[in-house]
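Only heavy atoms go into these numbers, but all of them, side chains included; no hydrogens, no water, no symmetry mates.
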Amino acid sequence: MTDAVLMLAQADFPTPMGVLTLNHYLFVSTAMFALGLIGFMTRRNLIIMFLCTELMFQAAGLALIAFGRYHLNFDGQTFVIFILTIAAAEAAMALALVVLLFRRRESLDADLWAELKG
Amino acid sequence: MNTAIAELPINPLLLYVACVLGAIGVILAMPRKGVSPMVFGGLLAAAAGGLIVLGLTSHAERHAQTPSIFFYIFGLLALGAGLRMITHPKPVYAALYFILTIIASSGLYLLLSAEFMAFALIIIYAGAILITYLFVIMLATLPPSEDDMDALATYDASAREPIVATFAGFTLLAVLTTMLFRGTLSLPVRHGMDSSDAILSKLPGKVEDNLSASLHAAELMTPEEHIARQVDVGRVWIDSARRRVLVSRGENTAGPDQGELVRWVDVPAEMWPADMVGTNVEGVGLNLLADHPMTIEIAGVILLMAMLGATVLARKQVDLEEEAKARQARHLALDVVAEDVG
Amino acid sequence: MRMTTITEAIISAALAQHGSSGAGEAVAAHAAGVAEHAGAALTSVDGPMWLGLIPLLPLLGVVIIAILACFNDKSKLPAWISVGLIGVSFILTLVTYLGWDGHSVIHTRLWEWIGLSWGDHPGQTLSSGFAFYFDGLSLLWMLFVTGLAALIGLYASEYMEHDLGLGYCRFFAAFCLFVFSMSCLVMGDNLLMLFLGWEGVGLCSYLLIGYFYKKKTAVDAGMKAFIVNRVGDLGLLMGMLLTFTTFGTVEYDALFTQIHAGTTASGVPLADTWQVWAIPLLLMGGAFGKSAQMFFYVWLPDAMEGPTPVSALIHAATMVTAGVYLVARMMPLYTADPNHVALTAVTWGGTITAFWAATIAMAQYDIKRIMGYSTISQLGYMFAGLGVLATTGGVFHVFTHAFFKATLFLACGAVMHGFAGQLDMRKLSGLWKIPGFQITVIAMLIGCLNLSGFPFTGGYFSKDMIIAEAFVTPDSVIWGSSWAGWLLLLTAGLTAYYTFRVFFRVFVGPVVYEPGEDLHGDAEHFHPHGPKWAINLVLTLLAVGCIASAGLYFVGGEHGWTGGMVHASSAVVETGHGKHGLLFGKNPHEIMFYISAVFGFGGILLAAWFHGPVGLAGLLIGNRTKADVVRMDPIARAIRPISTWAEHKWYVDEFYHLVLVTPLKVFAYLFSWFDKLVVDGLVNLFGGMPKVGSDVIGETTQTGVLHDYAQRMIAGVAVVLVVVVLVVF
Amino acid sequence: MLVLLILLPLVFGAVVLLRPNAEARRWALLGTTLCLVIGAFLLGRFFTSEGGPMKGVGSFEWFPALGLSLSVGVDSVAVLLIALTLLLGPICVGASWTAIPESRARLFFGWLLVLQAAMVGVFAARDLVMFYTCFEFTLLPMFVLINEFGSTNRHKAATKFFLYTFTGSIIALAGLVYTAWAVGTRAVGVDGFTMDIATLTEHASRVLSLREQGFVLAAMLCGFAVKVPLFPLHTWLPLAHTEAPTAGSVILAGVLLKLGTYGIYRFVLPFVPVAVYEHAPAIAVLAIIGIIYAGLICWVQTDVKKLVAYSSVSHLGFCVLGLFALNSPGLTGGVLYMINHGLSTGALFLLIGFMYERYHTRDMRQIGGLGAKMPVWSTFMVFFVMASVGLPGLNGFISEFLCTMGAFVSHTPWTAGEAAQVGATWGPLGPWFGFAAGTGVIVAAIYLLTMTAKMVWGTLREPPDHADHDDDGPHLPVDLTAREIMTLAPIAALCVVFGLFPTQTLIDAVRTDINDQVAFVHQRVEEAATSAGEHLAAAEQTRTEAPGSAGNPAETVEPGVTP
């Protein structure tokens, strides 16, 4: 069981990661991104749409970390920190807005808000 | 530059077929009124995902670059939860599934030896942000009427033009993956870099304190001597290749050419701080502050703005009496011929 | 001024000219080769400055009358001012004539009018000064222009008295302006001055024809006159510009020296350039426009709408002769053309117009219109005269015609004045018995005799000169000149017929009269009032003038006084033709007197037979007892189509209207429609496009639904990525 | 002190805007007359003192980095046009004394003075920036004048006028800036981007190749032809004129149309002479179409102002024809045309304005036969009709004759007898152009006399409702008042003086400048021809030299000046 822990703690990049493994991670992040996208487009509930954007953030973060690991430098991870800040800021704003909209229309349906037209 | 099919990490045909399969699966998994083959859709999507991952792994197998087994677990978990999140009609469950995805992806971070980020993700992201989401979901869903406990809000019941959206999404997936896979082939190959030295060379203070304490202890350095350092340039003379240290008596002198004031001291193997390994947190911290100071400032400002915005949006509305507000809302919402309003 | 001495050629030609009238001698002279180059390189003398007063005095008159008009003066002062000032100009011209030594050109230069120079080569300076060029031709013209103008001004003072006030001032202002323009035209020393006068007289005729501006017909007639003149002026303008490009100058003396030298400014011999026939033709176009010849005559009959003194002075005596003056003045250029293209055109233009106008005059009933057509016909004679190189004859006919036509018109004017505007032959008869009209009838008789070429009258001599010369000039020089001669003779007969048709129907015979339309009182007890002293005085003076003009044939040199004047001007032409044309085997000059007399009498007898009243007044062969029934009527009905067509002036006006005016009007409407719809439409279309475009795009794309925007964004990204993958990778 | 002429109207404009409405008219009159007096004095000094053509040049460094400096200078042509502008100033103020409602007098007279300043600025500009800003700036006041003080559908007319001219002038700006850039970069001896007209004139034609010159010509023509207005681009003028107030129409016809022709004289001819020589026949054909086409349209117009507007389209066709004849008579005719047309058509608009003030209609079907009722007005009307129809002895003739002559004598060799054409000068047009322009004179006679026949002669016709609403406006006497005669008298006097003494007054003034301009254009075209000739010779020589080198066709030689 201990080597499992060791493997887990590859903290200081002793060995460079192969390109093909990188591709695995990239596939996962793209898939997550695609799912987030589909979610955003199909769900009508405002909050769930925001959640889907968060999922897309996550996908981006994963890709960044993967590339960071591949290139053996920490830029990837610092940027994920910033993604977190952005996600947090966005969440705050979006939720405040959602509360406001909900209070106005008693519904979370995105299609109700269509005045800014033509 | 269409590289030969052989070197591609995955046979593109396989990729596209899997994508189509995945798309169909997701479509089926979409929430819709009446009986819905959600489960079957989910399985189909999972199968497609698995197919692609298998394709990748089979290729990686030949080059012995398969990621560890945990990758498959966490990857599958993440995608499954993600799918479930977007297809689940109840918003609360969707949020919970999202938390599951976050946990899965923090696992993947660990695999990519980004421990700090993994835990930061769980603490900040899952812990704070998603809990706020849950909080707002609770706040903003109408209490279900007595007769029908699990009545679904109309807007959650069915997806909106799922087919078009899904196909768009999966074309994006197919295209992105093809581009990424082709792109990664042209990445510069990284040879092993002793990342700790890279970090250590930027943490002179840490190394210097450790070494000087042990050297003084072993009297290899007279008390008035100290490890030579050039303050103006910020360089400490520690030659980790031949494990020796330049020791000088004078003031912050220049380099080895100070003649009598300095002498090289070989550091015995066991005294070289073995655990001098830049941990991940130090690396991230150093990179954060050394390479991206400006970005931190901006991040700070963004957060400030977000706070400001949130407070402004959420401040107490002038309390029009309910009835007028509702009427106004109705008037705005429905482009109905203006009936005589009050 | 350059001093050019008399060249030997002139002296030899003069001698040949003055040779005895023996046939052999003339033949020898004529055999001296094709017409020598005319070109009166006369001595040029610097004239006194006060010569400028001749045109400027009438201009002063215009200014004074304008000031009077401002004070709304109701007196006859404008008349006396204009008659006085024009009289002074006449006296000045007379003094110049008397002081003139007979063979020199008097030059005076007041100021530089248009002076443009862009280099020093000969063709690079256009200089035309406000300067005068007095030689025999312009002196002769100025004499009868100012003379007649003064007399007719006197006549008009009484004739226009029912219009005292603004109308009076306007009439006499335009009258003086006319004399100023006519004198500029005649006395100018370059083509541009001529053009100034040319358009000036056009303006005055427009103003004076349209004097009774209340009548729509008068206004239309004025406009018609101005526009038709303008068409002619275009020809003159083009001729002038072509002269400038060819000779590098527009001033007469520089022009004539070059023509005399026989080369253009750049030394190319004139004979083989195409300009040598093009310029005269263009100038002829201008001349025909102003003198109402060939296609341009339609405005003159309508010009009779103007008051009679105007018709007398402008549309009979002076303005219409401007064309003749132009051709006479530029005669050196016309004769420079070896194959005489322009001269033939002038001859035949004149002859055909003469005959054509005569045929129309025979069928008209309005006595003033008849006189108008007879003017056109006589002008045809003058042009024919110039064409067949009988410049002396042509100019003499201008002189005599000025007098007797003025007399005829003024007599008609007196009739019109007396009978409240009545001019219709069928409603007037037997004026000689009505008290007060005796002088008018006598003047009318003298005028008619002159016009119809009764032996020993002025008209007789001048017309014979022209017709004789037509026969003298061989066909080789002017194509078909003898044919033209015969046609002219026939027209002489017709002229005699229609002139005496008027005389026998209106001025003699039973007393029958009806008042005209501008009658103030009621028709019953209308009684005509004879002309007062001013009109009678002018009529007598003019009658005397007609008789005196006959005398001019005898006084002076071999071709009479006008011969001398013409000889001392640029219009002199050495008649040295190859073969001397003969008529019935004899020298045409001698026997012409008898032949034209025969035609004259024939015409008169015919008129007497058809229109003559019973008794002695109808030469004992007339049988007319009433004003409107004559022996001619059954015959007119017999040749039904011809007589009605002739009466309607061969429908030429209608033809012009159909062929020129209506198509132009249609084009105008077409253009204005095209401009409004197409050109403007296009502009508005481009103007409107952005607005329409934005409306359409706005409705369809801005739906306001969040998902639509998300979908479009993702669709965009997808498309881009697919393109990148397919194209780039 | 030329700048003084520009600033003074602005100062008075400000004063008018500040003072109350009642005094607006008086201040405006004072301002414009003062400008006229000072202008007369300054421009008089221009002719007396000798010195180079560009006298009174003062330049104010505005933006040295870009080589932009507001330099002001004037040559004899500009002097005459400035004099015309200054003369029309007080006349317009006098004419709109009672026409403008008291309540909005400040707005009207303020903008009128601003317009005056802009116009003087255009003519006095010696560099592109100054010229172009003022050129554009004249649009704004004119827009306001038409928009605020016009008659029925004035807004549409004003916007159309503004946008049409503005788009045109932007394209012109493109051409001008391209030339400035080309000279700045390629010309030898010119350091960097310069906008000074003198240097541009000197170098432009050498620097731009023929194809470039063609494009620059097209661009500049777009801008200036709209202003002139040349045939296809003229549809804004009738609309703008019918809707503009009297003073607006006078200034529009008197000066604003001359900006286009002045632009052609100052920029098109010197900058791109080779292209001009190449395309002059085409443009001349356009001008001639304009003459006859607009003339015929005038004939069938019912609105008298629209008729006079189309007549200025037709007349300015002559001016353009003269300018593109590229010889001394033509150019002199063109320049004189700008002055004379300004006077005669300006006066016609004044007359129509006075009639409009009394009868409030411009429809010739309703109004006519004013001869009896308004004798003074009719005398002036006939006088100015005769002036604009081109009667010799009045000012119209001299310019029309010179333009026609310019076109006639500016001939290319066309027949064997050409050698005899000593009087003919070098140039791209020919006698047929002269003849066609000549027919324009007949058309002019037709439509102007028809107008006079309807308006002046014939029995009196008055609009049906004329009698009853006589009481509202300031009751004007039937015929012209002393003030109105005072506005017309100077123009009439000038017409006679320019008609009888054109040489002493006008032709001598512009003679040297016109001859220099013609010589310059002629020399540059010859130079281009010879250098093109050399190129052809060189190409010919290479072709004969290397017959063996099969395959590579001798590159087509651009017949222009290679930079």
Among the listed options Ala69(C), Gly167(C), Gly115(C), the residue most often paired with chain D at heavy-atom distances under 4.5 Å:
Gly115(C)
Winner by heavy-atom pair count (cut-off under 4.5 Å) against chain D, out of Leu192(C), Leu166(C), Leu670(C)
Leu192(C)
Against chain C, work out which of Ile507(D), Val382(D), Thr439(D), Leu449(D) has the most heavy-atom pairs shorter than 4.5 Å and name it.
Leu449(D)
Side chain to side chain contact (heavy atoms under 4.5 Å, CB included) between Phe674(C) and Ile297(D), intermediate numbers included:
CA-CA 10 Å; Phe674(C) 174 77; Ile297(D) 293 179; over 6 Å; no
At a 4.5 Å cut-off on heavy atoms, which part of Leu116(C) comes close to chain D: side chain, backbone, both, or neither?
both
Within-4.5 Å side-chain heavy-atom neighbours: Tyr310(D) and Asp675(C)
yes
Identify which one of Ile446(D), Val443(D), Thr450(D) satisfies the side-chain contact (heavy atoms from CB on, under 4.5 Å) criterion when paired with Ile227(C).
Ile446(D)
Picking from Pro329(D), Gly371(D), Ala445(D), which has the most non-hydrogen pairs under 4.5 angstrom with chain C?
Pro329(D)
Indicate the ring-plane relationship of Trp111(C) and Phe501(D), choosing parallel, tilted or perpendicular according to the 30° and 60° boundaries.
tilted
Minimum heavy-atom distance Lys214(C)-Ala372(D), with the two atoms named:
NZ-CB, 3.3 Å
When Leu234(C), Val678(C), Leu203(C), Asn684(C) are compared by non-hydrogen pairs under 4.5 Å with chain D, the top option:
Leu234(C)
Test side chain to side chain contact (heavy atoms under 4.5 Å, CB included) on Tyr293(D) and Val679(C) and set out the steps.
CA-CA 12 Å; Tyr293(D) 171 82; Val679(C) 181; 4.1 Å; yes
Smallest heavy-atom separation, Ala668(C) atom then Leu296(D) atom, equals CB-O, 3.3 Å
Below 4.5 Å from any heavy atom of chain C, which atoms of Phe401(D) appear? Answer side chain, backbone, both or neither.
side chain
Using a cut-off of under 4.5 Å on heavy-atom pairs, state which of Leu506(D), Val389(D), Thr167(D), Val518(D) scores highest against chain C.
Val389(D)
Chain D contact via Ser117(C) - which portion, at a heavy-atom distance below 4.5 Å
both
Is chain C contacted by the side chain of Met386(D), its backbone, both, or neither, given a heavy-atom distance below 4.5 Å?
side chain
Quick check on Tyr206(C) against chain D: is it the side chain, the backbone, both or neither that has a heavy atom closer than 4.5 Å?
side chain
The interface call for Leu682(C) against chain D, heavy-atom contacts under 4.5 Å, is neither
Under a 4.5 Å heavy-atom cut-off, does chain D meet the side chain of Asp233(C), its backbone, both or neither?
neither
Tell me, side chain or backbone of Val219(C) under 4.5 Å from chain D's heavy atoms, or both, or neither?
side chain
Heavy-atom distance under 4.5 Å to chain D: side chain of Val683(C), backbone, both or neither?
side chain
Greatest number of heavy atom pairs closer than 4.5 Å to chain C - which of Pro392(D), Gly434(D), Gly390(D), Ala453(D)
Pro392(D)
Based on non-hydrogen pairs under 4.5 Å, which of Lys676(C), Glu199(C), Lys215(C), Lys216(C) is most in contact with chain D?
Glu199(C)
Under 4.5 Å from a heavy atom of chain D, the part of Leu241(C) involved
both
Does any heavy atom of chain D fall under 4.5 Å from the side chain of Leu664(C), the backbone, both, or neither of them?
both
With a 4.5 angstrom heavy-atom cut-off, which part of Ile114(C) approaches chain D: side chain, backbone, both or neither?
both
Interface check, chain C: of Val441(D), Thr459(D), Val456(D), most non-hydrogen pairs under 4.5 Å belong to Val441(D)
Residue among Pro375(D), Ala519(D), Gly458(D) with most heavy-atom pairs under 4.5 Å to chain C
Gly458(D)
Within-4.5 Å side-chain heavy-atom neighbours: Asn327(D) and Trp118(C):
no
Mutual orientation of the aromatic rings belonging to Trp113(C) and Phe397(D) [parallel < 30°, tilted 30-60°, perpendicular > 60°]:
parallel
